[in-house]
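Here the structure comes first, spelled out in structure tokens, and everything after it is commentary.
Counting starts at 1 for both ligands and their atoms, following the listed order. Any value given below was found using the heavy atoms of this structure, including those in side chains, with hydrogens, waters and symmetry copies removed.
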Amino acid sequence: MAKFWKPGTEKPRLVEDEDGGVLFLYSSSSSSSSSSSTFGFANNLQNQRQRLPVYKRKDAILFLVENYATTIIVGETGSGKTTQIPQYLNEGGWSDDGHVIACTQPRRLAVQSVASRVAEEMGVKLGEEVGYVIRFEDVTTPGVTRVKFLTDGVLLREMMDDPLLSKYSVIMVDEAHERSISTDVVLGLLKKIQRRRPELRLIISSATIEAKSIASFFRPSKKHRGAGDDVVPKREPAIISAEGRGFTVGINYVQEPVADYLQAAVSTVMLIHKQQAAGDILVFLTGQDDIDAAAQLLNEEAQSSDRSTGGLLVLPLYSGLSRADQARILSSSVTLQDLVFSPTPRGKRKVIISTNIAETSLTLEGIVYVVDSGFSKQRFYDPISDIENLVVAPISKASARQRAGRAGRVRPGKCYRLYTEEYFVNEMPAEGIPEMQRSNLVSCVIQLKALGIDNILGFDWPASPSPEAMIRALEILYSLGVLDDDAKLTSPTGFQVAEIPLDPMLSKAMLASGELGCSEEMLTIAAALSVQSIWISIRGAQKQLDEARLRFAAAEVSPSAPLYSPMLRTQGDHVTFLNVYKGFLQSGKSSKWCHKNFVNYHAMKKVLETREQLKRTAQRLGIILKSCDKDMQAVRKAITAGFFANACHIEPYTHEGKFKTVRTSEDVYIHPSSVLFRVNPKWVVYHSLVSTDRRYMRNVVTIDPAWLVEVAPHYYQYQGPGSLNR
Ligand code: ADP
Ligand code: MG
């Protein structure tokens with residue numbers, strides 16, 4: 001067991017005033033009655049609604065929205081911003097005359113969750129008056145839906161068809177403190193739209209006071225301030241705060257840094273469970289891998305040890321989790337959503353193990369203990385190598401405070417930080433870096449271009465992106481033939497690539513597949529690449545999984561194909577996707593077949609759905625739908641047409657499978673999960689790079705180097721046999 005916090009040796013301390021602020025010290029007098037619903041009282045939804053802190057501000061909010069173009073609302077997580085304000089607007093008439101109220105979220109899971117909650121509160125069927133849209137999933141009814149939840153990425157896409165977003169009367173940009181890249185782009189564009197549509201109202205809501213800098217972003221410059229002060233709506237943004245109702249949270253730190261935060265989290269949960277009074281536990285880990293691992297460890301512990309550790313209800317919570325997946329984990333038809341948000345059964349203690357989605361976007365009731373690993377998955381981009389990694393990185397103080405605050409929603413709580421106080425005080429950064437400044441900007445640039453914003457460098461960003469990343473994005477788009485010499489979108493390629501809701505390289509491959517007669521195959525590949533993984537991952541069953549994967553690796557498989565042998569020709573991971581898809585269809589979309597082959601059934605269903613959506617886009621763009629049947633060369637060539645910049649060749653005189661990228665001559669290796677691992681073909685293109693101890697290529701396909709010159713003559717020059725230059 002990890003040697004960190006010694007229960008009983010030290011009383012939990014309340015930490016106030018870390019750097020000037022008071023941590024979750026709100027008066028709790030008015031809220032003590034509000035917890036009753038958590039403990040099993042059937043409570044009228046409307047009563048619950050009226051007890052939320054924003055309810056007291058309802059009239060003020062409606063007044064401000066009426067009179068100000070932009071209203072900024074700051075309120076503690078759980079105060080009712082997301083679920084209530086859209087309803088107030090609806091009641092206030094903002095969805096009359098066919099207008100729609102939009103509320104954006106950075107995360108898909110949050111979109112689905114809040115939409116279903118609001119539908120329930122309004123007593124309507126989800127998809128009718130209240131609906132939601134996420135990429136590849138539209139649950140709305142045009143003409144009927146009045147309140148619409150959507151990701152900010154989807155709102156950006158909608159601007160391509162309707163640049164002024166004319167159907168919306170109010171757009172609420174939620175979770176603005178997260179500063180996700182799409183949120184920032186949306187804010188920049190909405191500021192522009194507002195000038196053209198003075199009647200449009202914006203609400204920007206945030207869990208932290210970070211909103212102040214957003215207010216200054218929306219303050220009109222002198223040039224745009226226009227007529228006098230009596231014009232309605234006023235251009236100056238209004239700020240309102242919905243006071244929180246959190247209780248005090250005692251903070252515990254580990255005494256020594258922990259070596260393994262996952263193990264430490266598990267033992268902390270067990271300690272809390274053994275020694276602390278009733279109350280649910282929320283554990284912040286970083287992603288599917290460590291969450292699933294922790295859930296498994298906790299379940300094992302709970303089963304193996306004595307009765308005192310029974311009664312734990314372990315619930316993972318992360319975005320890749322589909323409703324069906326959740327039901328599978330719980331082996332019942334109850335979804336996790338139902339369980340996570342429903343009162344804890346008597347005698348049980350819930351342990352919700354979550355990504356930072358539970359930090360501010362989802363409100364969980366009944367949490368009294370928080371275990372904070374101090375880490376989250378964050379995007380980091382290196383424009384030189386063009387690697388964008390989701391890496392496990394330390395969180396900021398602002399996040400740590402938010403996490404702790406989750407423990408004080410229903411009564412005083414405790415937070416266990418798996419890092420030292422010294423670290424918190426001296427080393428943890430105060431604020432996170434906006435995602436805009438640590439992301440690949442290719443998709444963002446192409447969308448702005450498609451919206452007719454030519455001067456991207458001069459765009460009014462809430463946070464300026466790095467010039468290196470910007471230049472790199474322009475370079476990539478230029479090489480793909482999406483931008484011309486004047487950095488304008490090319491026609492039709494540029495506009496088509498912008499329209500396909502995929503990464504531009506993959507969109508380009510999609511277009512090429514139309515010309516090469518393999519678009520049916522490319523649709524499958526693109527859909528498979530857009531789910532997290534088509535494989536089931538089971539801890540400890542890596543070998544069986546690898547074998548299952550290799551069975552699908554060869555260009556041709558029969559259901560009873562022998563295990564992989566080097567004699568079979570393996571062409572890459574994309575070809576493997578096609579074989580799995582084929583096998584899945586031939587099995588009659590059987591879940592049994594999936595189970596037997598280590599294929600994730602629910603991921604495959606998602607692939608089918610996504611493929612249908614993409615197919616519709618392809619048809620709209622006039623891409624000729626055709627199958628190349630067994631001609632995998634066409635498929636690999638089409639992939640090369642999109643991913644030529646990711647070409648690599650093997651280093652001939654090494655024995656460890658070292659490749660060099662053609663573009664930058666960097667050392668890269670084939671990822672162990674690839675079917676080409678250890679096969680080491682001469683030339684490959686990869687879909688993405690991840691760097692851990694080494695730089696690994698994921699989703700790799702073999703190519704003929706001659707294709708590079710053929711598909712990208714502007715990018716590569718052939719210089720005699722075996723030599724290729726940029
Ligand atoms: P905010 O956006 O300010 O963080 P929300 O509007 O998400 O707050 O949540 C307000 C309240 O609504 C929460 O305190 C919780 O009681 C309740 N709530 C929100 N979502 C759900 C849900 N899916 N199921 C049950 N209750 C919910
Ligand atoms: Mg919210």
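Within the 4.0 Å heavy-atom cutoff, Val114 does not count among the residues contacting ligand 1. Ligand 1 lies less than 4.0 angstrom from a heavy atom belonging to Gly80. Using 4.0 Å as the threshold, Arg49 has no heavy atom nearer than that to any atom of ligand 1.
Using a cutoff of 4.0 Å between basic side-chain nitrogens and carboxylate oxygens, Arg349 and Asp280 are not scored as salt-bridged. Contact check on Lys192 versus Asp460 returns no salt bridge, with no Lys/Arg side-chain nitrogen under 4.0 Å from an Asp/Glu carboxylate oxygen. Ion pair Glu137/Lys606 flagged as a salt bridge, since at least one NZ, NE, NH1 or NH2 atom sits closer than 4.0 Å to an Asp/Glu carboxylate oxygen.
Relative to the six-membered ring of Tyr68, Lys234 meets both conditions, a distance below 6.0 Å and an angle of at most 45° to the axis. In this structure, Arg438 satisfies the cation-pi test against Phe380, with its NZ or CZ atom closer than 6.0 Å to the six-membered ring centre and inside 45 degrees of the ring normal.
In terms of polar-atom proximity, defined here as any N/O pair under 3.5 Å, Glu121 makes no such contact with ligand 1. Looking at ligand 1, you'll find an N or O of Thr82 within less than 3.5 Å of one of its N or O atoms. Considering both main-chain and side-chain atoms, Leu52 never comes within under 3.5 Å of ligand 1 through any nitrogen or oxygen pair. Taking only nitrogen or oxygen atoms, main chain and side chain alike, Asp174 does not reach within less than 3.5 Å of ligand 1. Remark: ligand 1 and Ser79 share an N or O pair separated by less than 3.5 Å (distance only, no angle test).
Of the possible donor and acceptor atoms, none in the side chain of Thr248 sits under 3.5 Å from a partner among the backbone N and O of Pro412. Listed for the Lys397 side chain is a donor-acceptor partner under 3.5 Å among the backbone atoms of Met428. Between the Thr141 side chain and the Val144 main chain, no donor and acceptor come within less than 3.5 Å of each other.
Interface of Arg409 with ligand 1, defined as ligand atoms under 4.0 Å from a residue heavy atom, comprises 13 (C), 14 (O). Residue Thr77 has at least one heavy-atom neighbour below 4.0 Å for each of these atoms of ligand 1: 4 (O).
In this comparison of Arg117, Glu76, Lys81, Gln105, the heavy atom closest to atom 17 (C) of ligand 1 sits on Arg117.
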- Message: Would Arg201 and Thr71 count as a side chain to side chain contact (heavy atoms under 4.5 Å, CB included) here? Give the steps.
- Response: CA-CA 8 Å; Arg201 301 299 200 277; Thr71 303; over 6 Å; no
- Taking it one step at a time, do Lys148 and Ile101 satisfy side chain to side chain contact (heavy atoms under 4.5 Å, CB included)? CA-CA 6 Å; Lys148 178 164 148 188; Ile101 296 157; over 6 Å; no
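Relative ring orientation between Tyr419 and Phe424 is described as parallel, the plane-to-plane angle staying below 30° on a 0-90° scale split at 30° and 60°.
Protein N/O/S atoms closer than 2.8 Å to the Mg ion (ligand 2): Thr82 OG1.
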